[in-house]
Amino acid sequence: MGLPTISMAAPMPGFPEHREFVLVRLNDNGLLYALTSIENPDLRFLVAPPEPFFPEYAPEIDNSVFAMLNTKDPDRLLLLTVITAGENETTANLLAPIVLDRDSMRAMQVVLTGSNYPVRAIMNKTF
(Lines give C-alpha, C1' and ligand atoms only; values in the text may rest on other atoms or scores of the structure.)
Protein backbone atom coordinates (compact mmCIF):
# COMPACT_ATOMS: atom_id res chain seq x y z
CA MET A 1 0.00 0.00 0.00
CA GLY A 2 1.39 3.39 -0.95
CA LEU A 3 1.64 6.19 1.53
CA PRO A 4 -0.09 9.49 0.78
CA THR A 5 2.25 12.16 -0.51
CA ILE A 6 2.59 15.27 1.63
CA SER A 7 3.29 18.39 -0.38
CA MET A 8 5.08 21.23 1.35
CA ALA A 9 3.29 24.52 0.69
CA ALA A 10 6.60 26.18 1.52
CA PRO A 11 9.92 24.30 1.64
CA MET A 12 11.40 23.45 5.02
CA PRO A 13 14.16 25.88 6.01
CA GLY A 14 17.46 24.69 4.54
CA PHE A 15 15.84 22.20 2.14
CA PRO A 16 14.37 24.28 -0.70
CA GLU A 17 14.50 21.52 -3.30
CA HIS A 18 12.52 18.99 -1.22
CA ARG A 19 8.78 19.53 -1.42
CA GLU A 20 7.27 16.03 -1.56
CA PHE A 21 7.37 13.77 1.50
CA VAL A 22 5.75 10.67 2.91
CA LEU A 23 5.06 10.01 6.58
CA VAL A 24 6.41 6.60 7.61
CA ARG A 25 5.28 5.17 10.96
CA LEU A 26 8.26 4.00 13.03
CA ASN A 27 6.52 2.30 15.93
CA ASP A 28 3.27 0.46 16.56
CA ASN A 29 1.68 3.04 18.84
CA GLY A 30 1.92 5.77 16.21
CA LEU A 31 4.04 8.13 18.27
CA LEU A 32 7.09 8.32 16.03
CA TYR A 33 7.24 8.94 12.31
CA ALA A 34 9.87 9.64 9.69
CA LEU A 35 8.95 12.50 7.38
CA THR A 36 10.84 11.16 4.36
CA SER A 37 11.67 13.03 1.17
CA ILE A 38 10.41 11.34 -1.98
CA GLU A 39 13.22 12.93 -4.01
CA ASN A 40 15.91 11.74 -1.59
CA PRO A 41 14.83 8.96 0.83
CA ASP A 42 18.03 9.53 2.83
CA LEU A 43 16.58 12.88 3.91
CA ARG A 44 14.33 12.10 6.87
CA PHE A 45 13.04 14.13 9.76
CA LEU A 46 12.02 12.35 12.94
CA VAL A 47 8.60 13.75 13.88
CA ALA A 48 5.92 13.07 16.50
CA PRO A 49 2.53 14.46 17.43
CA PRO A 50 3.08 16.73 20.44
CA GLU A 51 0.00 15.73 22.51
CA PRO A 52 1.40 12.59 24.23
CA PHE A 53 4.54 14.43 25.25
CA PHE A 54 3.34 18.00 25.77
CA PRO A 55 -0.41 17.86 26.60
CA GLU A 56 -0.56 21.63 27.27
CA TYR A 57 0.96 22.49 23.87
CA ALA A 58 -1.61 24.57 22.00
CA PRO A 59 0.10 27.03 19.67
CA GLU A 60 -1.89 29.67 17.89
CA ILE A 61 -1.66 29.17 14.15
CA ASP A 62 -1.58 32.37 12.11
CA ASN A 63 -4.21 33.02 9.43
CA SER A 64 -1.48 33.17 6.79
CA VAL A 65 -0.78 29.47 7.47
CA PHE A 66 -4.43 28.61 6.83
CA ALA A 67 -4.21 30.55 3.55
CA MET A 68 -0.97 28.79 2.48
CA LEU A 69 -2.48 25.39 3.25
CA ASN A 70 -5.77 26.34 1.57
CA THR A 71 -7.92 25.46 4.59
CA LYS A 72 -10.17 27.23 7.04
CA ASP A 73 -10.86 24.39 9.48
CA PRO A 74 -8.41 24.15 12.41
CA ASP A 75 -9.85 20.72 13.29
CA ARG A 76 -8.41 19.33 10.05
CA LEU A 77 -4.88 20.36 10.99
CA LEU A 78 -2.36 17.94 12.43
CA LEU A 79 0.66 19.26 14.28
CA LEU A 80 3.96 17.41 14.21
CA THR A 81 7.07 18.39 16.12
CA VAL A 82 10.53 17.74 14.74
CA ILE A 83 12.43 15.46 17.13
CA THR A 84 16.15 15.42 17.81
CA ALA A 85 17.25 12.14 19.36
CA GLY A 86 20.40 12.62 21.39
CA GLU A 87 22.56 10.25 23.35
CA ASN A 88 21.39 11.58 26.72
CA GLU A 89 18.08 13.23 25.90
CA THR A 90 15.54 13.55 23.15
CA THR A 91 14.08 16.95 22.39
CA ALA A 92 11.19 18.35 20.38
CA ASN A 93 11.16 21.64 18.50
CA LEU A 94 8.02 23.30 19.85
CA LEU A 95 8.89 26.66 18.29
CA ALA A 96 8.59 25.44 14.69
CA PRO A 97 5.98 22.67 14.31
CA ILE A 98 5.01 21.16 10.99
CA VAL A 99 1.35 21.94 10.29
CA LEU A 100 -0.40 19.39 8.05
CA ASP A 101 -3.86 19.68 6.53
CA ARG A 102 -5.28 16.15 6.68
CA ASP A 103 -7.63 16.74 3.75
CA SER A 104 -5.28 18.24 1.17
CA MET A 105 -2.07 16.65 2.57
CA ARG A 106 -0.39 20.06 2.25
CA ALA A 107 2.03 20.99 5.00
CA MET A 108 4.53 23.60 6.10
CA GLN A 109 6.88 24.20 8.96
CA VAL A 110 5.74 27.24 10.91
CA VAL A 111 7.91 29.37 13.18
CA LEU A 112 5.68 30.60 15.99
CA THR A 113 6.78 34.20 16.27
CA GLY A 114 6.02 35.91 19.53
CA SER A 115 5.71 32.63 21.43
CA ASN A 116 7.89 31.41 24.26
CA TYR A 117 7.99 27.83 23.00
CA PRO A 118 11.49 26.30 23.09
CA VAL A 119 13.41 24.92 20.13
CA ARG A 120 14.62 22.03 22.33
CA ALA A 121 11.94 20.88 24.77
CA ILE A 122 12.92 17.69 26.56
CA MET A 123 10.55 14.87 25.72
CA ASN A 124 8.84 13.62 28.85
CA LYS A 125 7.50 10.23 27.78
CA THR A 126 9.43 7.02 27.35
CA PHE A 127 9.01 4.99 24.19
Side-chain angles (χ1 to χ4, degrees):
M1 179 181 114
L3 297 167
T5 299
I6 296 171
S7 298
M8 300 306 277
M12 291 186 62
F15 302 94
E17 66 281 3
H18 299 278
R19 294 188 83 116
E20 304 283 309
F21 289 83
V22 291
L23 202 55
V24 180
R25 185 191 311 218
L26 296 179
N27 63 355
D28 289 339
N29 57 10
L31 291 182
L32 276 181
Y33 295 87
L35 185 65
T36 306
S37 169
I38 290 175
E39 293 93 355
N40 177 3
D42 290 336
L43 177 64
R44 294 187 300 263
F45 298 95
L46 189 60
V47 297
E51 295 84 13
F53 307 97
F54 305 98
E56 321 75 46
Y57 184 64
E60 216 164 286
I61 305 300
D62 193 74
N63 285 338
S64 64
V65 175
F66 286 94
M68 293 265 308
L69 295 179
N70 237 356
T71 187
K72 291 179 173 56
D73 186 358
D75 292 336
R76 299 307 306 151
L77 297 181
L78 174 67
L79 291 182
L80 295 169
T81 55
V82 179
I83 307 300
T84 302
E87 207 171 293
N88 299 318
E89 64 186 20
T90 299
T91 61
N93 181 345
L94 298 184
L95 183 64
I98 295 170
V99 181
L100 170 66
D101 180 318
R102 288 185 264 212
D103 294 330
S104 69
M105 297 308 283
R106 286 173 55 89
M108 64 187 288
Q109 188 170 25
V110 178
V111 177
L112 304 169
T113 53
S115 82
N116 291 326
Y117 288 115
V119 173
R120 287 184 198 72
I122 295 173
M123 310 270 296
N124 58 12
K125 187 177 198 306
T126 55
F127 292 104

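In this text the structure is predicted, and so the values were computed from the model without any measurement.
The salt bridge (Lys or Arg N to Asp or Glu O under 4.0 Å) analysis of residues 107-122, with sequence neighbours excluded, yields no pairs. The stretch residues 57-69 participates, sequence neighbours left out, in these side-chain hydrogen bond (donor to acceptor under 3.5 Å, both in side chains) pairs: D62-S64. Applying the salt bridge (Lys or Arg N to Asp or Glu O under 4.0 Å) test to pairs two or more places apart or on separate chains, those with a residue in residues 74-100 are R76-D103.
Residues L95 and P118 are not in side-chain contact: their nearest non-hydrogen atoms beyond the backbone lie 4.5 Å or more apart. Counting heavy atoms from C-beta outward, P97 and L112 have side chains that approach closer than 4.5 Å. When side chains are defined from C-beta on, L79 counts as touching P59, because their heavy atoms get closer than 4.5 Å.
Under the side-chain hydrogen bond (donor to acceptor under 3.5 Å, both in side chains) criterion, T113 pairs with no residue, sequence neighbours left out. With sequence neighbours excluded, the residues that form a side-chain contact (heavy atoms from CB on, under 4.5 Å) with T84 are T91. Annotation: side-chain hydrogen bond (donor to acceptor under 3.5 Å, both in side chains) contacts of S104 (sequence neighbours excluded): none.
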Using a 3.5 Å cut-off and no angle test, enumerate the donor-acceptor pairs between side-chain atoms of residues 65-72 and protein atoms at least two apart in sequence or in another chain.
{"residue": "T71", "atom": "OG1", "partner": "D73", "partner atom": "N", "Å": "3.3"}
{"residue": "T71", "atom": "OG1", "partner": "D101", "partner atom": "OD2", "Å": "3.1"}

Please set out all donor-acceptor pairs under 3.5 angstrom arising from side-chain atoms of residues 39-56, sequence neighbours excluded.
{"residue": "E39", "atom": "OE1", "partner": "S37", "partner atom": "OG", "Å": "3.2"}
{"residue": "N40", "atom": "OD1", "partner": "D42", "partner atom": "N", "Å": "3.1"}
{"residue": "R44", "atom": "NH1", "partner": "P41", "partner atom": "O", "Å": "3.4"}

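Both M8 and L78 belong to a single network of hydrophobic side chains, linked directly or stepwise wherever heavy atoms of I, L, V, M, F, W or Y lie under 4.5 Å apart. Under the 4.5 Å side-chain contact rule for hydrophobic residues, I83 and F21 do not share a cluster. Both L80 and M105 belong to a single network of hydrophobic side chains, linked directly or stepwise wherever heavy atoms of I, L, V, M, F, W or Y lie under 4.5 Å apart. Hydrophobic clustering keeps L35 apart from L77 (ILVMFWY residues linked when any side-chain heavy atoms are closer than 4.5 Å, directly or through intermediates). When hydrophobic clusters are built by joining Ile, Leu, Val, Met, Phe, Trp and Tyr residues whose side-chain heavy atoms come closer than 4.5 Å, directly or via intermediates, L100 is not grouped with Y117.
At a cut-off of 3.5 Å, with distance as the only test, no side-chain donor of T5 or E20 sits close to an acceptor on the other residue.
In this structure, N27 contributes its side chain and L32 its backbone to a donor-acceptor pair below 3.5 Å. Listed for the Q109 side chain is no donor-acceptor partner under 3.5 Å among the backbone atoms of I98.
Separating the CZ atom in R19 from the CD1 atom in I6 is a distance of 14.0 Å, to the nearest 0.5 Å. Separating the CE atom in M123 from the CG atom in L31 is a distance of 8.5 Å, to the nearest 0.5 Å.
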